[in-house]
Amino acid sequence: MFSRLWYLTVPTASYGRFILSKTTTGVCKDYPSSYGVVWRLYFAIRMQIKECIVSAPGKAILHGEHAVVHGKVALAVSLNLRTYLRLQATSTSKVCINLPNINTFLSWDVAVLKQLLPDFGAELGNVNELDAELVRMLRNFVGVSNGTLDTRSMAILAFLYIYLCVFAKSRELPSLTVSVWSELPTGAGLGSSAAYSVCLAAAMLSASGTIPSPLSDQENTARWGEVEMELINRWAFQGERIIHGNPSGVDNAVGTWGGILRYRSGKITALSRVPMLRILLTNTKVPRSTKVLVAGVKDKMNKFPSIINPVLESVDAVSCTCEQTLTEMASDTPTPEHYNVLEELIDINQHHLNVIGVGHTTLDTLCQVTLARGLHSKLTGAGGGGCGITLLRPETECSVIQNTIQDLRDCGYDCWETRIGAAGVQQHSPLAVKEQVLEVLARY
Ligand SMILES: Nc1ncnc2c1ncn2[C@@H]1O[C@H](COP(=O)(O)OP(=O)(O)OP(=O)(O)O)[C@@H](O)[C@H]1O
Ligand SMILES: C[C@@](O)(CCO)CC(=O)[O-]
Ligand SMILES: [Mg+2]
């Protein structure tokens, strides 16, 4: 009776439709047939896939990268560069993922993915810890070894992991298409993996109905409440674990909450009183892997604990002194002395980052070129290439900024002034998304 596929498609109020799907397999294993059919119908009816568009910002770390992995303080800011994700319900019985930034376009039969689910009733993917058995199965499924750093494999593993875990409760995995496009350079220290993971988590939780849509008739862009953001952040952290190995959680926290955050061992504090900082971002375009760099610091710590641990302690003190200085600047008029302190902290931290082995000659060049114009720089994110930040003082003349940007471009780097403190994860109606972004997301 249930040996063929059937669909019920109903228009929704916003855009798109939802689909009730039935698979060819008929009954749930381990359950009497009529019971299985009832459950399938129950879950199918519940499974009103809610189409959505979400976005999350990238980040720059002012101070505390790497040290934060070992329980020290980090100060991080969101950027005005975002990752966008569009999730569409389909009736193809396939799960499709389009990742144009990394030239990856894949699809799987839902029936094949269902074989990865454990027996009915078994727990899959606790939000608080990575399900090692599922990761192992997914590695086999995708065909990657444990030590792989391949960009595509990491992105696919994170996607499948979050998809399966979020929809595992309903045995009917939905047929859908997910397209992700980012304004952020991939793998350059600006939190592209976290913005990607935050978008995946928000979209899956929203599509499954686990969290409600924050959009209303009046709002084309809206944010979720604290409880929902906490859940998004936790699932995004699992995505980061798959991509990074041992993330601190600071990047996904900024992708979720946005703004300017102090982060230490999972404790997130929004800094509300901070001065408006102007920052240049420079991408050396040297590719690197956060996972490898984080593991390299751990090796150094194991090899020379009495040398490296005090350096991380000092980075912690740099972050705390910076936070204190920013607070003073916000409560009083910022003075040139405040900026002198911020510049000295940048120099000190850059030296520390070199000591722990995450520098790169291109980053040394960045520091030298900007210092020749009187400006101070440090790497941001995992280092080893990727991006650096340069602090601009209020009195820095326009011509100095323009000449610095040109000098850095002459080195072959990308360089631009950025705005910090953008909003965290958001849901958008199509009306609120820039046309070019919609166009890229709709192309697939
Ligand atoms: N737009 C995207 N589309 C698909 N995958 C992405 C995208 N952005 C990031 N990723 C995934 O994240 C990986 C890059 O993560 P990685 O942590 O190494 O760099 P980052 O997050 O940009 O830098 P950092 O962690 O230092 O801030 C890519 O290899 C890919 O697997
Ligand atoms: C290098 C690191 O500290 C920041 C990467 O943006 C890693 C992490 O905190 O997960
Ligand atoms: Mg990352």
Side-chain angles (χ1 to χ4, degrees), residues 9-19 21 47-58 81-108 110 113 152 155-156 158-164 166-167 173-184 186 192-216 219-224 228 232 235-236 239 255-256 422-444:
T9 306
V10 183
T12 62
S14 54
Y15 60 103
R17 60 231 152 92
F18 71 76
I19 294 158
S21 70
M47 187 161 294
Q48 302 169 13
I49 292 304
K50 296 178 181 66
E51 302 199 341
C52 57
I53 301 177
V54 299
S55 73
L81 297 174
R82 301 183 82 82
T83 296
Y84 293 84
L85 181 155
R86 179 184 192 194
L87 185 152
Q88 294 161 274
T90 62
S91 55
T92 56
S93 293
K94 286 192 182 297
V95 170
C96 305
I97 177 129
N98 301 311
L99 306 172
N101 294 108
I102 58 169
N103 201 19
T104 299
F105 307 90
L106 287 172
S107 73
W108 304 268
V110 168
L113 293 180
R152 293 174 177 189
I156 294 303
F159 166 73
L160 286 176
Y161 185 90
I162 296 178
Y163 167 79
L164 288 174
V166 170
F167 287 106
L173 293 179
S175 163
L176 47 80
T177 294
V178 166
S179 304
V180 183
W181 181 76
S182 187
E183 296 166 337
L184 292 159
T186 306
S192 72
S193 62
Y196 174 69
S197 299
V198 169
C199 283
L200 286 179
M204 302 294 177
L205 290 167
S206 184
S208 64
T210 313
I211 57 174
S213 166
L215 295 176
S216 66
E219 282 176 310
N220 286 320
T221 287
R223 310 201 50 208
W224 284 273
E228 289 85 13
I232 292 170
W235 278 114
T256 303
V425 64
Q426 295 178 321
Q427 186 170 335
H428 310 277
S429 89
L431 292 173
V433 181
K434 283 178 276 189
E435 219 166 279
Q436 309 93 292
V437 177
L438 262 192
E439 204 266 313
V440 185
L441 293 175
R443 206 177 289 160
Y444 309 98

For Arg82 and Ser55, work out which heavy atoms get closest and say how close. NE-OG, 2.8 Å
Can you pull out every salt bridge (charged side-chain N to carboxylate O under 4.0 Å, His left out) where at least one residue sits in residues 91-103? Sequence neighbours excluded, please. Lys94-Asp109
Do Thr177 and Leu87 come close enough that some side-chain heavy atom pair is under 4.5 Å? no
Kindly indicate whether the side chain of Val95, heavy atoms from C-beta on, has any atom under 4.5 Å from the side chain of Phe159. yes
Could you pull out the closest heavy-atom pair between Ala203 and Leu85, with the gap in Å? CB-CD2, 3.4 Å
How long is the gap from CZ on Phe167 to OG1 on Thr210, to the nearest 0.5 Å? 7.0 Å
Of all the heavy-atom pairs spanning Phe105 and Pro100, show the shortest one and how long it is. CZ-CA, 3.8 Å
Does some side-chain heavy atom of Arg223 sit less than 4.5 Å from a side-chain heavy atom of Pro214? no
Glu228 versus Pro212, closest heavy-atom pair with distance: OE2-CD, 3.9 Å
The side chain to side chain contact (heavy atoms under 4.5 Å, CB included) partners of Thr104 (sequence neighbours excluded) come to Leu99, Ile102, Leu106, Arg152, Ile156
Taking Ser175 for the side chain and Ser93 for the main chain, is one N or O donor matched with an acceptor at less than 3.5 Å? yes
Check the pair Tyr163 / Leu173 against side-chain contact (heavy atoms from CB on, under 4.5 Å), numbers first and verdict last. CA-CA 9 Å; Tyr163 167 79; Leu173 293 179; 3.2 Å; yes
Set of residues satisfying side chain to side chain donor-acceptor pair (under 3.5 Å) with respect to Thr221, sequence neighbours excluded: His428
Interatomic distance, Gln426 atom CD to Asn220 atom CG [nearest 0.5 angstrom]: 11.5 Å
Side chain to side chain contact (heavy atoms under 4.5 Å, CB included) partners of Ala202, counting only residues at least two apart: Val54, Trp224, Ile232, Val425
How long is the straight-line distance from OH of Tyr84 back to CD of Gln436, given to the nearest 0.5 Å? 9.5 Å
Mind checking salt bridge (charged side-chain N to carboxylate O under 4.0 Å, His left out) for Glu439 and listing every partner two or more places apart, or none if nothing turns up? Arg443
Do any N or O atoms from the side chain of Glu51 and from the backbone of Ala89 form a donor-acceptor pair under 3.5 angstrom? yes
With sequence neighbours left out, the residues meeting side chain to side chain donor-acceptor pair (under 3.5 Å) with Thr186 are none
For Glu183, enumerate each residue passing the salt bridge (charged side-chain N to carboxylate O under 4.0 Å, His left out) test, keeping only those at least two apart in sequence or located in another chain. Lys434
Where do Ala56 and Gly255 come nearest, in terms of heavy atoms and distance? CB-O, 3.8 Å
Nearest non-hydrogen partners of Val166 and Ser208, listed with the distance: CG1-OG, 3.5 Å
Ser179: side chain to side chain donor-acceptor pair (under 3.5 Å) partners, not counting sequence neighbours: Asn98
List for me each residue that meets side chain to side chain contact (heavy atoms under 4.5 Å, CB included) alongside Thr83, sequence neighbours excluded, and say none if there are none. Val180, Ser182, Leu184, Ala195, Cys199
Within a strict 4.5 Å, meaning less than it, do heavy atoms of the Ile97 and Leu160 side chains meet? no
Using the side chain to side chain contact (heavy atoms under 4.5 Å, CB included) criterion, which residues pair with Leu215? Sequence neighbours excluded. Ser213, Ala222, Gln427, Ser429
